[in-house]
Amino acid sequence: MLTSESGFPEWLPADRLVEQAFIDTIRQQFELYGFAPLETRAVEPVDVLLAKGETDKEIYVLSRLQADEDEPDEASLGLHFDLTVPFARFVTENQGRLTFPIRRYQIQKAWRGERPQAGRFREFYQADIDIIERGDLPITADLELIQALHDVVNALPVPRVRIHLNNRKLLEGFYRALGIEDIQETLRIADKLDKVGADGVRAMLIESGLGEAAADACLALSTIQSGDAATIRERVAALGQTHDLLDEGLAELAFVLEGVRTAHPDDIIADLSIARGLDYYTGTVVEGKFADIPDFPTVCSGGRYDNLAAGKGDEKLPGMGVSIGITRILSKVLAEGHLRASRRTPSCVLVALVDEETRQQSSAVAYALRQRGIPCEVYNTPDRFGKQIRYADRMGIPFVWFPGTDGADEVKDIRSGDQSPADPASWEPPAEDWHVRIEEVEP
RNA sequence: GUGGCUAUAGCUCAAAGGUAGAGCGCUUGAUUGUGGCUCAAGAGGUUGUGGGUUCGAGCCCCACUAGCCACCCCA
């Protein structure tokens, strides 16, 4: 990765080929689940971006260099920091033209003005799927989206991702049963368990105004973690708190957990420490992390948001969605050297240029190959063949084509050195060489 | 936004106040249209920017800029 402007990653072509392969795979998986594509504009009115309490979100605001001083403040537009808020806005605006339930996928960049760090960027790709329904969105949607999330991340050639599940209703009901008033603040602190540890969370909870008993209860709740729904139920019940919202959240969590685990028992657990920072979530919340890279931040996440989009009158437009951090995942697997593109260009064949007089002949070979879908390029200048082959070698182009007189062409596999007569109208490369492959590198 | 660390060739890094260097990469040649290996030669630097201390600064001091790490927060 090149980082001439911190947080705004730029990739060399070889790495961009990997990124494109990721995007292709994700898109294919999303479409397998029947999500339809959507692209929203890069900007939203700032008040839309801020509407859901994201006041401390680092939003890039748009301004024109040539704006007149007496012009009305047009700093009303900002770059979106995720794809969920723009989607909810889009649905709110276009609900008359859309058929519910709306299942859409969206793979776009998002921008956040936070300080960059390992795995954290100011400009990055996200890949989202969401469902928004009119009136009531059943809990089965939560289950479906988490299954889809699991399938998509597992279709990518990346280290194993474990999905951590929780439910905001469960936490909020528990907190209310304890008489806690500042739910948001308590959620925020509880979310830090993996970062500051149990003692740290306990101290912060007490500092926020909780009594020692309440803080201990919150902590005990947060440390519950299991892949088994019955165990979760027992351990929550053992804490002795009762509240309708708690029961509702527990039932939803158990439903989703059991549903996903029937297919993938090892990759998903209920983890009551997951709270999520974004405060528009109202029920299911989910975070995915590399199972064996505990210090690396969340690579995918999502949740249920019942109040982000607004219907006409009293009608609700509840939604559920998940998001995959493409740039974050990519930066890690590339930095670790786990993956690489099989070559640095789509070209499968380099057609050599013998001299200027026969340039047309080389072009004709390339044309014939392209007619049959074989990506190729003609070398620029009639350098000696050693240079032309060296260029192919550096680019990872597997074949060099030598035009001959009277159709006596030859093609050379520069990996093996084998060279043999070939006809541009019929020769084709082995299937595995046709297009760039993404290769997993053994350490 | 807060705190700490860093900045020398394209990359990774040396040079302990006294003439800026290595490895890799790049170019050329040995190789007469056929690469990789080897050997030889070569190109490439106002040491991030600006100021200061000193006979003398890549090195010490100050400011700025940028990068990295942690916090905040998060994909």
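Basis for what follows: all heavy atoms, side chains included, without hydrogens, waters or symmetry-related copies.
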Under 3.5 Å, is there a donor-acceptor pair linking the side chains of A/Q106 and A/T40?
->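 Note: A/Q106 and A/T40 side chains meet the donor-acceptor criterion.
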
Between [N] and [M], how many Å separate the two [atom1] atoms, rounded to a whole number?
N     : M     : atom1 : result
B/C74 : B/C61 : P     : 39 Å
B/C24 : B/C62 : C1'   : 37 Å
B/A9  : B/A15 : P     : 15 Å
B/U19 : B/G23 : C1'   : 23 Å
B/G18 : B/C60 : C1'   : 15 Å
B/U2  : B/G25 : P     : 44 Å
B/G50 : B/C37 : P     : 41 Å
B/C71 : B/C26 : C1'   : 42 Å

Could you check which of [options] has an atom nearest any side-chain atom of [X]?
X      : options             : result
A/R390 : B/A75, B/A70, B/U28 : B/U28
A/R188 : B/A75, B/U34, B/C73 : B/C73
A/Q117 : B/C73, B/A70, B/U34 : B/A70

NA contact type, [X], heavy-atom cut-off 4.0 Å: base, sugar-phosphate, or nothing?
X      : answer
A/K412 : base
A/A352 : nothing
A/Y125 : nothing

Respond yes when some side-chain nitrogen or oxygen of [X] is under 4.0 Å from OP1 or OP2 of [N], and no when none is.
X      : N     : answer
A/R115 : B/A66 : no
A/R415 : B/G35 : no
A/Q388 : B/G35 : no
A/K387 : B/U28 : yes
A/S301 : B/A75 : yes

Check whether the aromatic ring of A/F124 stacks on the base of B/A75, taking stacking as ring centres less than 5.5 Å apart and planes within 30° of each other.
-> yes

Identify whether NZ of Lys or CZ of Arg in A/R415 sits under 6.0 Å from the centre of the six-membered ring of A/F399 and within 45° of that ring's axis.
->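 Verdict for A/F399: a cation-pi partner in A/R415.
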
Side chain A/R359, main chain A/S362, donor-acceptor under 3.5 Å = no

Could you state the atom-to-atom distance from [atom1] of [X] to [atom2] of [N] in whole Å?
X      : N     : atom1 : atom2 : result
A/D383 : B/U28 : CG    : C1'   : 13 Å
A/E287 : B/C74 : CD    : P     : 9 Å
A/R394 : B/U27 : CZ    : C1'   : 9 Å
A/Y391 : B/C26 : OH    : P     : 14 Å
A/I389 : B/U31 : CD1   : P     : 17 Å
A/E10  : B/G67 : CD    : P     : 12 Å

Under 3.5 Å donor-acceptor pair, A/R328 side-chain atoms to B/C74 base atoms = yes

Using purine N1 to pyrimidine N3 plus N6-O4 or O6-N4 for Watson-Crick, or N1-O2 and O6-N3 for G-U wobble, both under 3.5 Å, which nucleotide pairs with [N]?
N     : answer
B/U53 : none
B/G67 : B/C5
B/U28 : B/A40

Any salt bridge linking [X] with [Y]? Criterion: basic side-chain nitrogen under 4.0 Å from a carboxylate oxygen.
X      : Y      : value
A/K169 : A/E172 : no
A/D292 : A/R160 : no
A/R202 : A/E212 : yes

Take atom CD of A/E31 as the centre, draw a 6.0 Å sphere, and report whether it contains more than 12 heavy atoms from other residues, nucleotides or ligands.
->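 For A/E31, atom CD is crowded (more than 12 foreign heavy atoms under 6.0 Å).
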
